[in-house]
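Just so you know, ligand 1 is whichever comes first in the structure, and atom 1 is the first atom listed for that ligand.
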Amino acid sequence: MNRRRDALAIFPGSFDPITNGHLDIVTRGLSVFREVLIAILVNPEKKPLFTVEERLETIRQVFRGSRRVRVDTFSGLLVDYAEEVGASVIIRGIRAISDFEFEFQMALMNRRLDPRIETVFMMPAESYSYLSSRLVKEVFQLGGRVSDLVPPVVERRMRDKYGPRRGRPAGEAV
Ligand code: PNS
């Protein structure tokens with residue numbers, strides 16, 4: 001078995017937008033691996049809130065100064081991208097059992113495609129176990145507060161997208 005602690009680990013996803021749950025997984029990844037590469041999937045079939053360029057820029061801003069975190073985009077098969085960048089580990093976050101089935105299928109499919117790449121599942125802090133990009137967008141859009149759930153730069157950008165009246169607790173002045 002190869003030693004993987006020196007590995008470059010890819011943390012792939014849509015990150016539309018990146019949440020504090022994702023940040024938690026990156027931090028955990030850094031405690032195990034040499035470097036974490038956040039890889040944003042370019043998926044023309046999805047209609048995201050943020051363009052790939054916006055997500056790239058935002059995530060770079062969040063991790064500015066973190067020398068062991070890189071941010072990039074990819075399209076096509078994840079294992080091909082992993083090979084291209086020299087990564088031997090894929091990190092995925094598992095929040096609950098409901099995540100597991102799909103993640104398990106993806107991990108085994110990726111292993112079939114390239115057995116040299118190992119998928120590692122990490123659990124975020126319990127306080128993030130209910131957190132998802134989809135819910136953050138919904139709550140924000142309906143006027144709920146998300147400041148504990150996403151980095152400040154993401155909240156600012158969501159306000160730019162949805163308008164200043166969103167994402168504030170009821171009764172707070174705009
Ligand atoms: O944040 P998401 O949307 O759950 O991330 C899903 C992602 C990007 C990890 C997955 O869709 C992916 O790896 N897509 C790339 C295409 C690919 O390799 N498909 C086969 C994997 S089984």
Side-chain angles (χ1 to χ4, degrees), residues 4 7-30 32-33 35-63 66 69-141 146 149-151 153-155 157-158 161:
R4 306 250 176 189
L8 165 63
I10 296 187
F11 181 30
S14 305
F15 304 108
D16 184 41
I18 194 160
T19 68
N20 288 346
H22 293 124
L23 264 57
D24 180 288
I25 296 292
V26 172
T27 306
R28 287 173 202 280
L30 288 173
V32 178
F33 303 109
E35 202 175 352
V36 173
L37 171 56
I38 301 173
I40 307 163
L41 175 68
V42 179
N43 185 353
E45 278 166 28
K46 272 197 180 176
K47 281 223 179 319
L49 172 64
F50 293 104
T51 65
V52 169
E53 291 72 28
E54 287 170 331
R55 281 176 272 162
L56 187 67
E57 201 181 289
T58 306
I59 300 174
R60 284 200 171 134
Q61 236 173 303
V62 170
F63 289 99
S66 309
V69 179
R70 270 197 275 153
V71 193
D72 193 11
T73 62
F74 78 103
S75 52
L77 283 179
L78 177 59
V79 291
D80 289 345
Y81 176 71
E83 161 86 30
E84 189 187 310
V85 295
S88 57
V89 172
I90 294 169
I91 298 175
R92 289 290 287 171
I94 297 263
R95 291 162 298 189
I97 294 289
S98 50
D99 282 340
F100 186 73
E101 194 169 344
F102 179 59
E103 294 297 334
F104 186 67
Q105 286 175 355
M106 275 209 301
L108 291 185
M109 181 58 82
N110 282 330
R111 180 185 285 168
R112 184 172 176 278
L113 292 168
D114 190 338
R116 295 166 302 176
I117 298 171
E118 205 63 62
T119 297
V120 171
F121 293 135
M122 296 190 133
M123 287 160 293
E126 276 164 52
S127 50
Y128 298 132
S129 58
Y130 59 89
L131 182 55
S132 70
S133 301
R134 187 181 62 78
L135 276 186
V136 163
K137 284 183 280 195
E138 188 172 316
V139 168
F140 189 91
Q141 209 175 356
V146 298
L149 307 178
V150 294
V153 59
V154 171
E155 197 183 358
R157 282 183 175 243
M158 287 177 87
K161 287 267 174 197

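No donor-acceptor pair under 3.5 Å is formed between the side chain of D72 and the backbone N or O of A39. E54 places a side-chain N or O within 3.5 Å of a backbone atom of T51 that can act as its donor or acceptor partner. With hydrogens and angles disregarded, a donor-acceptor distance shorter than 3.5 Å links the side chain of D16 to the backbone of L49. One N or O on the side chain of T19 and one on the backbone of G21 form a donor-acceptor pair closer than 3.5 Å. In this structure a side-chain-to-backbone donor-acceptor pair under 3.5 Å is missing from K137 to M158. Looking at R28, its side chain does come within 3.5 Å of a backbone N or O of M123 through a donor-acceptor pair.
Residue N110 has no nitrogen or oxygen atom sitting less than 3.5 Å from a nitrogen or oxygen atom of ligand 1, judged on distance alone. For ligand 1, the polar-atom distance check against E103 finds no nitrogen or oxygen pair separated by under 3.5 Å.
Closer than 4.0 Å to atom 9 (C) of ligand 1 lies at least one heavy atom of the protein.
The shortest separation from a heavy atom of S133 to ligand 1 is not under 4.0 Å, leaving the residue out of contact. Under a 4.0 Å heavy-atom criterion, F74 is in contact with ligand 1.
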- Item | Derivation of the salt bridge (Lys or Arg N to Asp or Glu O under 4.0 Å) call for E126 and R95 | CA-CA 8 Å; E126 276 164 52; R95 291 162 298 189; over 6 Å; no
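Ligand 1 places these atoms under 4.0 Å from at least one heavy atom of M109: 22 (S). Numbered from 1 in the order shown, with element, the atoms of ligand 1 that lie under 4.0 Å from a heavy atom of G76 read 15 (C), 16 (C). For ligand 1, the atoms closer than 4.0 angstrom to any heavy atom of K46 are 3 (O).
The protein heavy-atom contact nearest to atom 4 (O) of ligand 1 is R92 NH2, 2.9 Å. Scanning the protein for heavy atoms near atom 1 (O) of ligand 1, the closest one is S14 N, 2.9 Å. Among all non-hydrogen protein atoms, the one lying nearest atom 19 (N) of ligand 1 is L77 CD2, 4.0 Å.
Contacts with ligand 1 closer than 4.0 Å are made by no heavy atom of Q105, backbone or side chain. Residue contacts with ligand 1, taken as heavy atom pairs separated by less than 4.0 Å, do not involve N43 at all. Proximity of R111 to ligand 1, defined as any heavy-atom pair under 4.0 Å, is not found for any part of the residue.
Listed here is the closest heavy atom pair of L41 and R55: O-NH1, 4.2 Å. Across all their heavy atoms, P124 and I94 have their closest contact at CD-O, 3.3 Å.
When L78, I90, L41 are checked for heavy-atom proximity to atom 11 (O) of ligand 1, L41 turns out nearest.
Between R70 and E35 there is a salt bridge, with a side-chain nitrogen of the basic residue lying less than 4.0 Å from a carboxylate oxygen of the acidic one.
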